[in-house]
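Have a look at the structure below before the remarks.
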Amino acid sequence: MSWYERSFRKLFFDFHTHSSAVEVAKDFDAETWAEQLLKAHVQAVSTIVQCRYGWRYYQKGSIGWVHPRLPKDIDIVGETISACHERGIRVIGYYHTLGSEMLAAIRPEWLERDPLGRPQDIWICLLSPALKEYIIPQLEEFNRNYDIDGMFFDFSYAKGPCFCQSCRRSFKEDTGLELPLDRESPYWKKFMEWKLEKFKEIRQEISDAVHRGNPDVLVAFNWCYSTRMPEKPPKDVGFLSLDICPDNQVFNASMQARFWATMSKPFDIMNTAFLQWWGDWGIKPAIALKQECATIIANGGRTWIGYQMYPQFRVEAAVMSQLAEALAFVKEREHFCVNQKIQPYIAISHSTRSNLIQVSFHVDEKSIKGAHKILLESGFHYNIVLDEILENEIGKYKAIILPDQRYISDRFAEALRDFVNNGGGLIATCLTGTLDEDLNFTGKFKLEDLFGVSLDGKYPYDHAYMEILDERLKTNVLEMPILVWGELIYVKPKSAEILAHLRGIYLRSDGKPLLASSPPGAYTGYPMITLNKFGKGKVAYVACDVFSSYLLKNQWVIKHVIKNILNLILPEKLVEVNAPAGVEVVLAEQEGRRLIHLVNHYGERPLSPWPFGDNNALTENIIPIHNIVVKVKCNEKPTRIKLEPEGEELKWKKEGDMISILVPKLEIHSCIIIEL
Ligand SMILES: [Zn+2]
């Protein structure tokens with residue numbers, strides 16, 4: 001196991017310092033700093049190699065520019081490494097690949113440009129000669145000179161278009177085309193695909209440069225390979241990491257961790273201690289940080305809590321105390337998180353290519369997020385899995401969800417057929433599998449035989465009604481037409497049975513909806529939900545993107561419909577939890593023991609007016625959940641069942657091939673451990 005895999009407790013501190021900042025590193029003292037970190041239970045910490053203004057904070061080496069106001073006798077990086085290593089703390093260097101005040105001044109031709117050729121702030125284009133002439137030699141020199149353990153690169157991904165001379169020339173050389181100036185261009189998809197490939201090469205060059213300097217350094221790229229930029233990480237990436245968005249870091253951390261847990265790379269999720277986000281000096285209470293850390297470690301990740309320093313190189317003692325309290329919480333739980341293997345059960349498929357039809361480099365995550373929300377709130381254990389990975393490991397899962405996944409490769413289609421034929425359950429929605437290899441709409445389902453329905457056109461409005469017919473889908477569902485939003489599809493049943501009708505909307509005599517939305521209208525003659533038997537398995541098809549509809553409009557009834565569908569198509573149940581919607585469930589194994597993590601997402605949060613402005617979710621006190629009944633499939637007879645970290649023996653009984661376990665009280669995060 002690498003030092004990184006053992007390091008569950010990390011802290012990250014931003015130190016972006018403009019050239020005009022005063023008192024830079026005035027209070028820096030590496031020994032005092034390392035002692036503070038040790039006291040806060042830190043196993044690894046960041047250090048600032050190069051900030052967003054392009055200044056370096058180390059003295060050895062000739063490439064790059066030391067911050068003009070950093071005293072000559074201070075080497076923040078070198079002294080931090082020495083003091084931390086003496087105390088057994090690992091150090092990860094932060095390097096911002098985008099910004100540089102100095103390069104913007106002396107090499108303006110390397111700056112990113114808008115379509116009119118105007119420079120973009122101090123942002124350097126990584127497709128310009130800056131990469132080979134400056135960044136690569138600097139990284140090689142730095143990693144030769146300093147005994148750093150890891151390098152964390154920020155902004156090393158395709159975040160949007162750039163129209164500099166280098167980008168124009170390079171695109172023309174590679175494709176023979178002029179660089180498209182806007183998203184309406186017929187070459188936009190090609191441009192996106194090209195730029196994503198270019199950045200794969202750029203990251204490889206960065207990794208290679210680091211490893212030429214020191215082959216043992218672990219390299220990570222912020223946000224790359226996440227649900228927002230789904231891609232399989234290459235072998236030279238040492239670990240995965242991202243600073244999740246701040247709106248609700250418990251929910252967001254859970255989603256990313258459930259994606260990365262399937263990538264065969266160690267990962268961390270960076271929750272942030274700010275009240276808002278980077279650039280804000282407020283601090284969350286430790287309890288909020290604990291709740292965020294809980295879902296990260298339960299789902300197989302490590303923590304890396306982010307904050308920022310004053311330019312003098314100082315962090316308030318009160319801030320350090322909140323961080324220390326959160327890390328102590330993690331430390332208490334490491335013994336049942338280390339080396340755990342997350343158990344495959346239900347997979348929500350995610351795809352790189354499907355997203356190229358979107359116009360943004362950051363993929364639209366609404367369907368994935370909606371599916372995550374529904375499954376989390378319904379007490380299921382599940383993961384989000386990249387299609388390229390899923391097609392090779394599909395046999396491990398019991399059910400697959402394709403949330404409006406429009407591109408399905410031939411290999412993935414074959415894997416899905418085998419999977420269902422052998423008894424697997426499948427849910428597909430909306431226009432799943434309707435794009436060809438060039439990402440053009442085909443007008444028919446690639447998986448028509450699996451769905452048992454054929455595509456017959458698109459419903460003309462942006463909302464409609466779901467009318468449930470089948471008794472099996474009615475548990476906890478109100479007996480009324482259910483309003484759903486988004487794109488809707490007409491399908492004709494071939495071999496599938498109809499479980500719900502697609503009802504249209506009421507229209508005025510001028511053909512328009514009554515108000516912003518309309519009440520139910522007539523039955524369209526088309527189904528909304530169907531069920532098809534294929535081999536030994538079952539396939540449910542839903543004619544709209546129910547997942548984004550739930551996320552955007554909070555149509556809570558949909559959640560119960562999906563839960564009922566999943567219960568219908570799942571060939572067997574591995575776990576069932578009788579708890580409120582905010583209790584997250586993670587199934588894992590650890591050296592022959594079975595683990596069931598329970599994470600409480602509820603908390604006492606600021607009341608009205610909330611949410612207000614851009615304020616984020618923030619827990620001030622935990623609201624404990626009592627008497628949770630967990631049923632888990634287990635053919636063997638347990639020798640002991642206990643709750644950790646409480647160390648409490650739990651009451652349980654065998655019910656057929658399931659074990660029923662009573663958890664008297666859940667605070668933030670507890671784990672049921674079944675010893676066999
Ligand atoms: Zn460029």
Side-chain angles (χ1 to χ4, degrees), residues 16 49-56 63-65 94-140 151-210 219 221-226 228-229 231 234 352 355-363:
H16 296 301
V49 173
Q50 185 155 299
C51 75
R52 74 184 283 275
Y53 298 103
W55 303 115
R56 53 178 245 205
I63 307 166
W65 297 275
Y94 173 91
Y95 188 104
H96 198 286
T97 52
L98 189 61
S100 175
E101 285 188 69
M102 197 56 123
L103 286 179
I106 63 170
R107 302 305 294 261
E109 69 277 18
W110 290 357
L111 286 172
E112 288 195 333
R113 303 273 160 170
D114 72 4
L116 297 175
R118 292 172 300 199
Q120 301 298 290
D121 206 319
I122 55 166
W123 308 139
I124 302 301
C125 179
L126 286 179
L127 272 78
S128 78
L131 181 72
K132 286 192 173 58
E133 291 183 26
Y134 172 69
I135 295 175
I136 296 297
Q138 186 200 12
L139 288 173
E140 203 175 321
M151 287 293 292
F152 175 73
F153 292 95
D154 209 359
F155 286 95
S156 315
Y157 49 78
K159 62 182 174 48
C162 165
F163 303 92
C164 75
Q165 285 307 322
S166 303
C167 284
R168 286 169 192 266
R169 200 180 315 117
S170 183
F171 186 67
K172 183 134 201 192
E173 271 169 25
D174 291 347
T175 65
L177 297 166
E178 295 298 331
L179 198 132
L181 290 180
D182 60 54
R183 292 168 163 81
E184 304 307 315
S185 161
Y187 303 117
W188 188 260
K189 266 188 301 198
K190 199 175 188 69
F191 165 62
M192 282 181 62
E193 211 158 0
W194 171 83
K195 190 152 182 177
L196 290 171
E197 284 303 313
K198 281 284 172 201
F199 267 82
K200 283 185 193 170
E201 293 166 20
I202 288 167
R203 287 193 293 270
Q204 189 61 49
E205 286 186 58
I206 289 174
S207 294
D208 291 346
V210 170
V219 173
F221 296 99
N222 194 15
W223 273 98
C224 296
Y225 324 109
S226 68
R228 196 168 82 178
M229 305 171 206
E231 228 175 74
T352 309
N355 291 305
L356 289 175
I357 53 165
Q358 298 167 6
V359 292
S360 163
F361 282 92
H362 293 170
V363 311

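Read the numbers this way: they start at 1 and go in the same order the structure lists the ligands and their atoms. These numbers were taken from a predicted model, which means no experiment stands behind them.
Of all protein N/O/S atoms, those under 2.8 Å from the Zn ion (ligand 1) are Cys125 SG, Cys162 SG, Cys164 SG, Cys167 SG, and waters are not counted.
Side-chain contact annotation: Trp55 with Gln50, donor-acceptor N/O pair under 3.5 Å absent.
Legend: residues meeting side-chain contact (heavy atoms from CB on, under 4.5 Å) with Asp154, ordered by chain and number and at least two apart, are Tyr94, His96, Asn222. Remark: Trp194 pairs with Phe171 by the ring pair (Phe, Tyr, Trp, His ring centres under 6.0 Å) rule, at least two apart or across chains. Glu231 meets the side-chain contact (heavy atoms from CB on, under 4.5 Å) test with Lys200, Arg203, Tyr225; sequence neighbours excluded.
Aromatic ring centroids of Phe221 and Phe153 lie under 6.0 Å apart.
Both tests pass for Arg228 against the ring of Trp223: distance under 6.0 Å to the centre and angle within 45° of the axis.
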